Number of protein chains: 2
Amino acid sequence: MNLTIKDIARMAGVSVSSVSRVINNSKPVNDHIKEKVEKVIRETNFRPNAVARGLISKSTNLIGVILPQINYISAELINGIEGVANKNGYNIILSNTRLNPDLELNALQLFKDKQVDGIILSSIDMSERHIQLIQDNKIPVVVVGQKTTDYAIPWVDVDNYRPITEIVRYLMRCGHEKIGMIHGPLIDKSAGDSRYRGFIEEMERKNLSVNPKFVGESNFSSKDGYLAMEKILKCEDIPTAVVCASDTIAIGAKNCAEDLGYRIPEDISIVGFDDIELATLVRPKLTTVQVCFETMGSKAMETLLQSIEFKPVNIENYLDYRLIIRDSVKVVADDLGTKI
Amino acid sequence: MNLTIKDIARMAGVSVSSVSRVINNSKPVNDHIKEKVEKVIRETNFRPNAVARGLISKSTNLIGVILPQINYISAELINGIEGVANKNGYNIILSNTRLNPDLELNALQLFKDKQVDGIILSSIDMSERHIQLIQDNKIPVVVVGQKTTDYAIPWVDVDNYRPITEIVRYLMRCGHEKIGMIHGPLIDKSAGDSRYRGFIEEMERKNLSVNPKFVGESNFSSKDGYLAMEKILKCEDIPTAVVCASDTIAIGAKNCAEDLGYRIPEDISIVGFDDIELATLVRPKLTTVQVCFETMGSKAMETLLQSIEFKPVNIENYLDYRLIIRDSVKVVADDLGTKI
DNA sequence: CTGAAAGCGCTAACAT
DNA sequence: ATGTTAGCGCTTTCAG
């Protein structure tokens, strides 16, 4: 079988504790012994068993990551998480809950069994049972994509409301007034409802009326975006600009408009949200809101790290965003006095 | 602290071994005892410590996944792996090696330390040291995206050669003869070199000459695809069709051609490879080769499982592929006698 | 069928 | 500074 610390001790003619000491640099060891041990370790390629270490130290250097699905957005998130985790000696262990809240609970349990040092949770809907379990488990948790301030659980999320109000104001400055929106599921309080409210309320504040026929719902997919746009364009009167709750929706909507003979942005302007890679690959390039999911991941991991190390953590962590103006919005009139 | 099996034993008034037996169902236990134990477990919400179990059983139910980068293609791969892993009680632990071969070696070591039950490795370049380490470690490994038949290490990969020959034949049937290609880095023996050779050799077999000016190299990115296409289109004579080694390349090439005033497919036909989601979202929709990375993942995990369970495994695992005909190729002449 | 006890590979208190 | 030893929480012989 594999070598153990005991074998090394025997081969080096010292005690196991001495071996442990040189491995962990935990206590001063005589140079003489140290060299002997290091020599044996080098020659045998010995590596201490991480599981045994974990059993005693209560730390596995594992971070549990719970995701409702694994797509290109998760990929960016994982990239961010993995980046700072790795830099700090942690590995990440993944659980895909396939949009099933019960599996999220399972994963929370399982990760506790496996004694992970911390958990990053992207839940589709934080229930009381989630909160309960998290608080019982006593394992540091950071939530992403949802705001759990009420429960004193640290989170990192985008502001879903303000960017949309900025989009509305930008469209107005470009001369648009008949503005529609294709939003996400309103049950989804973050990317769904908040973005929708941002639109409705900003339109109200600016005294622009929202034609209900200009508003459609989707599940964030391109296909749904296409369908929603189709419905909007069937009316006699159509909007001059449509705000979409995601880039994928926007691209579906764009394809639909084009299939129906409209040109983007000449006939209809379209704005997306997220700034996925696609947004620059599609023609015209999509005007959208940039939110960096990789940053979301790294920020989440950083706060998790602080929590693990018992440092003070910010409960609320808002992500930066930026309106990215590209080619999918027509400038009807520019009251900024500058070329946009 | 947390409850242990010892606490449960005390509370139920039985021995720890009995508790262990009812938990694992490893040996017959008197119903009387069984019920008592189960009751206590239920009431206390006791869950056995997976680390301690791992130490003794030598099995952690963890699968190490080593990836050179995490993007939307990895996301699909992970999806496939995670799906079958999860179904079999395994979790996956991720290592992103950031295109650095040394980090691949590190990850291999680290995963051994952590006593994973198996490893799925996507290497950018399998060196002798990789092979050595894998064979020394004695942990089941399956390689994806590379063919390691020589070393008797099971792999799953696409056939990169044949699909390209099929594309060439398809383009010929559509009436194309002046065909170009934008390939990937030739150092990459799989998706780079093989696809390139498939093109060159099939053209030769069909007695079609390849104009060197119609051939460009790229690193698989859209940007590079754009640049390579730009070079090709600067010549007086241009190809009627361009085969691209990936969809991302194809989309870059398409954008370039369109920016230069060419219409796709009327002026130039373009074919991609991979069939990423983008391929259907872009207009015209991309004709391409479908290879399902999720299937690649699940297949890899399935063979890994067999290896873990000491079942016989196939060393060579080719992935299915399919030519997906969409709208980016113009039918100049159709010698099939049917409408394509 | 049940319980006592050994031990998985390691760390850390305790003694020397 | 070094070695001995007692566990970490669990599974699994081995007796009974």
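Because the structure is predicted, anything quoted here is derived from the model rather than measured. Order of the sequence lines sets the chain letters (A, B, ...), proteins ahead of strands, with each chain counted from 1.
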> Reading nucleotides 10-16 of chain C from the 5' end, what letters show protein touch, with B for base, S for backbone sugar-phosphate only, - for no heavy atom under 4.0 Å?
Replying inline: BBBB---
>> Assess, by modelled atom type and distance only, whether the side chains of Ser59(B) and Ser57(B) contain a donor and an acceptor separated by less than 3.5 Å.
In response: no
> Got a salt bridge between Asp31(B) and Lys34(B), using NZ or NE/NH1/NH2 to carboxylate O under 4.0 Å?
Replying inline: no
> Below 4.0 angstrom, N of the basic side chain to O of the carboxylate: do Arg98(A) and Glu82(B) qualify?
Replying inline: yes
>> What is the separation between atom CG on Asp7(B) and atom C1' on dC10(D), rounded to the nearest whole Å?
In response: 13 Å
>> Using the side-chain heavy atoms of Ser15(B), tell me which of these nucleotides is nearest: dC1(C), dC8(C), dG3(C).
In response: dG3(C)
> CG of Asn106(A): more than 12 outside heavy atoms within 6.0 angstrom?
Replying inline: yes
> Atom NZ of Lys58(A) to atom C1' of dG7(D): distance rounded to whole Å?
Replying inline: 10 Å
> Rounded to the Å, how far apart are Ile33(A) CD1 and dG3(D) C1'?
Replying inline: 9 Å
>> Quick check on the helix from dC1(C)-dG16(D) to dT16(C)-dA1(D): what's the angle between its two end axes, five base pairs per end, to the nearest 10°?
In response: 50°
> Could you walk me through whether Leu319(B) and Asp159(B) pass the side chain to side chain contact (heavy atoms under 4.5 Å, CB included) check?
Replying inline: CA-CA 7 Å; Leu319(B) 228 52; Asp159(B) 187 331; over 6 Å; no
> Between Glu38(B) and Arg42(B), is the closest basic N to carboxylate O distance under 4.0 Å?
Replying inline: no
>> Please classify the nucleic acid contact of Val51(A) as base, sugar-phosphate, or nothing, using heavy-atom distances under 4.0 Å.
In response: nothing
> Leu55(B) or Ser18(B): which one's nearest nucleotide on DNA chain C is closer to the 5' end?
Replying inline: Ser18(B)
>> Let me confirm one number: the CD-CD distance from Glu104(B) to Gln109(B), rounded to the nearest 0.5 Å.
In response: 13.5 Å
>> Whole angstroms only, please: what is the CD-C1' distance between Gln115(B) and dC8(C)?
In response: 9 Å
> Are Glu316(A) and Thr149(A) close enough that a side-chain donor and a side-chain acceptor fall under 3.5 Å?
Replying inline: yes
>> Regarding Val29(B), tell me which of base, sugar-phosphate or nothing describes its non-hydrogen contacts under 4.0 Å with the strands shown.
In response: sugar-phosphate
>> Rounded to whole Å, how long is the line connecting atom CZ of Arg10(A) with atom P of dT4(D)?
In response: 14 Å
> Between Thr148(B) (side chain) and Ile153(B) (backbone), is there a donor-acceptor pair under 3.5 Å?
Replying inline: yes
> Tell me: NZ of Lys112(B) to C1' of dG9(C), nearest whole Å?
Replying inline: 14 Å
